[in-house]
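All figures in this text were calculated on a predicted structure; none of them were measured in a lab. Every chain is numbered from 1 and lettered A, B, ... according to where its sequence line falls, protein lines coming before strand lines.
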Protein chains: 2
Amino acid sequence: MDALGFTEHDHQHCISEALRTAEQTCADQGLQLTAQRRRVLEILLGEHRAMGAYEVLDVLRAEGLAAQPPTVYRALDFLVGNGFAHKIERLNAFVACAHPGERHAPAFLICSDCGTVAEMPSREIAQAVRGAAATLEFDVARMVIEAEGCCPECRAARAAG
Amino acid sequence: MDALGFTEHDHQHCISEALRTAEQTCADQGLQLTAQRRRVLEILLGEHRAMGAYEVLDVLRAEGLAAQPPTVYRALDFLVGNGFAHKIERLNAFVACAHPGERHAPAFLICSDCGTVAEMPSREIAQAVRGAAATLEFDVARMVIEAEGCCPECRAARAAG
DNA sequence: GGAAGGCGCGTTATATCGTAACGGCACGGC
DNA sequence: GCCGTGCCGTTACGATATAACGCGCCTTCC
Ligand SMILES: [Zn+2]
Ligand SMILES: [Zn+2]
Ligand SMILES: [Zn+2]
Ligand SMILES: [Zn+2]
């Protein structure tokens, strides 16, 4: 389970796979993946970066839909609430989940140069957070773990440039 | 170095100590802790929780000042930029630093019940994040580590109620 | 069949968070 | 004196997010 985003990959496959997983998960859990929700997920899947809600809205409008902010926020709430997307707090923006279906406390790498957002394995990080919290007798319900920096590609580009 | 916020403590001492440290650090580094910046820091220090910029603004106005949003944001930028305060991304709000002067990558515990925000030791968490990032050859420049949950006091209150 | 309730969604309006840009003033260097 | 720099007042605006109301489509229950 590696974190895509920084590596070359068959992105069409990446998208269709994620959609299929979302459909299956919704079917299993009695969730309604309506056309709009699905479309918003597709838009997020289109890029391995975080998109603002209004950016998604612009895409919908460019497709001829007369959408309003609540439309997008409702779709995003559904997607985030059911683990098909995540909110990147640092950017006030949203990204498709790289591991839908699996229960996970996500952790993200955000490249300041190219904007790519990768979801990385977080078990040890989550463990460290829970450990530190436990010494203060604090019960952790939810975590925000986001690291900003420079991705390998951009670092190489810098070195070359 | 424990994380205050969840424990009883002499809060007046806590405030004056932090202000003294800020004054000393500014003096050492040639930074100007102006009256406004100092006042905003005092306001943040007043509570062990995160305050929105406009909430700070309301306090200033209640004191008779004709302040505008940029006034507050400029003071907050100064305080955050120089390590006297932190932004809690999850809340779009600001909290006074519990360890000013020391270089640190902060990690926070946010009680969903009472709103208290505590800054906790983060060395091991930061280490775990850097480690996970390194396997993807990602250079981390800045981290956001925030855990939401229930503090010991509120847990006790729940159990009692 | 019809009442009742849940859910998704359209729509309007508004709340909340944050910044751009301009100009004035004070201070220190030269 | 003149200029650069940093701080701040002020106006206006941009970006992010939600409240509230109502409609249509279901399903449930009788
Ligand atoms: Zn992909
Ligand atoms: Zn990059
Ligand atoms: Zn205190
Ligand atoms: Zn609490």
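- A ring-centre distance under 6.0 Å is not found for A:H11 and A:H13.
- Between the B:R37 side chain and the B:Q32 main chain, a donor and an acceptor come within less than 3.5 Å of each other.
- B:P100 meets the side chain to side chain contact (heavy atoms under 4.5 Å, CB included) test with B:T21, B:F84, B:C97; sequence neighbours excluded.
- Two residues, B:Y54 and B:Q32, neighbour DNA chain D, and the one matched to the more 5' nucleotide by heavy-atom proximity is B:Q32.
- Between B:R142 and A:E146 there is no salt bridge, since none of the side-chain N atoms of the basic residue sits less than 4.0 Å from a carboxylate O of the acidic one.
- Take the nearest nucleotide of DNA chain C for B:R74 and for B:N92: the residue whose nucleotide is more 5' is B:N92.
- Checked by atom type and distance alone, the side chain of A:S122 pairs as donor or acceptor with a backbone atom of A:A105 at under 3.5 Å.
- Using a 4.0 Å heavy-atom distance criterion, B:A67 is classed as making no nucleic acid contact.
- Proximity of a side-chain donor or acceptor of A:T71 to a complementary backbone N or O of A:A67 within less than 3.5 Å is not detected.
- Note on A:R155 versus A:D113: no salt bridge recorded, every NZ/NE/NH1/NH2 to OD/OE distance being 4.0 Å or above.
- If you check the side chains of A:H86 and A:E119, you find a donor sitting under 3.5 Å from an acceptor.
- You can see that DNA chain C meets the heavy atoms of chain B within a 4.0 Å-exclusive cut from C:dC17 to C:dA21, reading 5' to 3'.
- In summary, contact between chain A and DNA chain D, defined as any nucleotide atom under 4.0 Å from a heavy atom of the protein, begins and ends at D:dT16 to D:dA20 in the 5' to 3' direction.
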